[in-house]
Colleague: 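If you scroll down you'll find the structure; I have some questions about it.
All values below were derived from every heavy atom in this structure, side-chain atoms included, with hydrogens, water molecules and symmetry-related copies excluded.
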Amino acid sequence: MKKSSVFLSVLVAAGAGIIVGILIAPNSGARTRRKIQYLGDDALEELVQTIEDLFGELKRQTQKKCAEVRNKLMCNPQQHFNHGESKDQLIQSKQPVS
């Protein structure tokens with residue numbers, strides 16, 4: 001199971017448990033609303049942090065893949081662009097047909 005789906009499952013289960021606990025607790029309405037607001041703020045902060053972490057990982061993986069492609073192209077660019085055709089063959093194939 002993916003790390004993000006496990007985290008999301010835990011977050012949803014914890015949120016549901018907390019909300020049920022708050023709603024059945026013997027507190028006043030104002031105090032209960034404050035608790036819910038604080039819990040919502042905490043959950044939002046955790047969600048933002050998780051999204052930032054995921055985007056950071058995506059950025060690192062993208063940069064790594066770009067570096068790999070760049071290195072392959074720099075090592076032997078002719079192989080990647082003309083598939084083994086000689087320079088003369090490329091020039092002839094690009095000339096307009098009269």
Colleague: Remaining members of L54's ILVMFWY cluster at a side-chain heavy-atom cut-off under 4.5 Å?
Modeller: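 Result for L54 is none, singleton.
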Colleague: Which residue pairs satisfy the side-chain hydrogen bond (donor to acceptor under 3.5 Å, both in side chains) criterion with at least one member in residues 44-60, sequence neighbours excluded?
Modeller: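 Every side-chain hydrogen bond (donor to acceptor under 3.5 Å, both in side chains) pair that includes a residue of residues 44-60, provided the two are not neighbours, is Q49-D53, E57-R60, E57-Q61.
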Colleague: Is there a chain of hydrophobic side chains (I, L, V, M, F, W, Y, each step under 4.5 Å between heavy atoms) that links V12 to V6?
Modeller: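 They do not share one cluster, since no chain of ILVMFWY contacts under 4.5 Å joins V12 to V6.
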Colleague: Linking I/L/V/M/F/W/Y whenever any side-chain heavy atoms sit under 4.5 Å apart, do L58 and L47 land together?
Modeller: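 Yes, one cluster joins them.
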Colleague: Find the distance between CG (D42) and CD (Q37) and round it off to the nearest 0.5 Å.
Modeller: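 Separation between the atoms: 10.5 Å.
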Colleague: What's the spacing between F55 CZ and T62 OG1 if we round to 0.5 Å?
Modeller: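 Atom-to-atom, F55:CZ and T62:OG1 are 10.5 Å apart.
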Colleague: Are L44 and L8 connected into the same hydrophobic cluster when the rule is that any two of I, L, V, M, F, W, Y join if their side-chain heavy atoms are below 4.5 Å apart?
Modeller: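 Cluster IDs for L8 and L44 differ.
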Colleague: E68: what forms a salt bridge (Lys or Arg N to Asp or Glu O under 4.0 Å) with it, not counting sequence neighbours?
Modeller: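 E68 satisfies salt bridge (Lys or Arg N to Asp or Glu O under 4.0 Å) with K65 once adjacent residues are dropped.
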